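See below for the structure under consideration.
Owing to the predicted nature of the structure, the values given are computational and were not obtained by experimental measurement. Each chain gets a letter, A, B and so on, in the order its sequence line appears, and its residues count up from 1. As a basis for the values below, the full set of heavy atoms in this structure was taken, side chains included, without hydrogen atoms, waters or symmetry mates.
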Amino acid sequence: MERHEIDVLTLQETKARDDQWPLMGLEAMGYEVATYGFNQWNGVAIASRVGISDVRRGFEGMPEYGDPRVTEARALGATCADVQVWSLYVPNGRALGDPHLDYKLDWLARLGVAARDWLRGDHQAQIALAGDWNVAPRDEDVFDMRSFATSTHVSPPERAAFHAIVESGYADVTRPFTPGPGVFTYWDYYRERFERNRGMRLDFVLGSPAFAERVTAAFIDRAERAGKGASDHAPVIVDTEP
DNA sequence: ATGGTCGTTTCACGA
């Protein structure tokens with residue numbers, strides 16, 4: 001965060017309850033923090049050094065689909081300066097035919113309905129939908145499509161759900177600055193997946209028209225994936241005009 | 001078709 005002068009940070013799959021956050025450290029760096037941690041599995045958070053004026057919680061999980069410890073996925077919205085930022089952790093889906101995939105598709109559909117409502121209410125709204133989408137929208141977003149033939153993340157319904165949100169007015173502001181193929185945001189921990197660049201592009205920032213106009217650059221910080229103890233996802237950074 | 005890694009919920013499980 002210090003190296004890249006991050007104004008607003010969104011985190012997903014934090015595996016932390018609200019009471020487990022290192023808030024003092026973030027606050028010492030000048031950040032306000034909003035968290036939405038369900039349990040030790042899944043949570044989301046937003047840290048902002050440009051202020052948080054409003055916090056919205058939405059799109060919680062659907063426990064009827066199974067064990068709520070693992071099915072819970074969350075979305076946390078916060079108004080940071082003039083931008084409404086959402087930290088999204090889209091459900092994983094687990095496997096084709098698994099009820100968790102139905103839950104994932106329902107969750108994305110509900111997000112799409114809400115996102116369209118936000119645009120209808122205010123055409124000048126600056127909204128960023130940022131996080132782990134757990135969808136690889138294009139074939140080039142996985143290192144080897146043959147090995148994903150019977151997998152989630154690339155299935156037509158998942159891709160359709162993602163594209164529906166794009167087509168409703170939320171542009172992917174990251175891909176134009178980080179074109180593929182071979183450009184990923186996630187590499188599994190299995191041996192040499194990162195070293196061999198056998199990854200997936202699952203993390204995106206989608207922006208409303210007014211926000212997308214302000215974006216000047218995007219960057220995937222691969223170096224953060226290299227160290228011992230790193231997350232399996234790399235940070236995705238977006239720059240905007242003031 | 002399987003297994004490979006990681007961290008926590010541990011000799012199991014979801015990512």
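Of the C1' atoms belonging to B:dG7 and B:dC11, the separation is 15 Å, rounded to the nearest Å. With P as the reference atom, B:dT10 and B:dA1 are 33 Å apart, rounded to whole Å. Look at the C1' atom in both B:dG3 and B:dG14: the space between them is 16 Å, to the nearest Å.
Here the side chain of A:Asp221 pairs no donor or acceptor atom with the backbone of A:Pro235 at under 3.5 angstrom. The main-chain N or O of A:Ser48 is never found under 3.5 Å from a side-chain atom of A:Glu32 such that the two would form a donor-acceptor pair.
The distance between atom CZ of A:Arg74 and atom P of B:dA15, rounded to the nearest whole Å, is 15 Å. Rounding to whole angstrom units, CE of residue A:Met200 and P of B:dA15 are separated by 13 Å. Rounded to a whole Å, the CG atom of A:Asp232 is 13 Å from the P atom of B:dT8. Atom CG in A:Asp144 sits roughly 15 Å away from atom P in B:dA1 (whole-Å rounding). The nearest whole Å value for the distance from the CG atom in A:Leu101 to the C1' atom in B:dG14 is 16 Å.
Remark: A:His4 pairs with A:Phe219 by the ring pair (Phe, Tyr, Trp, His ring centres under 6.0 Å) rule, at least two apart or across chains.
Between A:Tyr89 and A:Val44, the closest heavy-atom pair is CB-CG1, 3.7 Å. In plain terms, the two heavy atoms of A:Asn92 and A:Thr152 that are nearest each other are O-OG1, 4.0 Å.
The closest side-chain donor-acceptor pair between A:Glu224 and A:Ser231, if any, does not fall under 3.5 angstrom.
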Sort me out a list of protein N/O and nucleotides 2-6 of chain B N/O pairs below 3.5 Å, or just none if empty.
from, atom 1, to, atom 2, distance (Å)
B:dT5, OP1, A:Arg191, NH2, 2.9
B:dT5, O4', A:Tyr189, O, 3.2
B:dT5, O3', A:Tyr189, O, 3.4

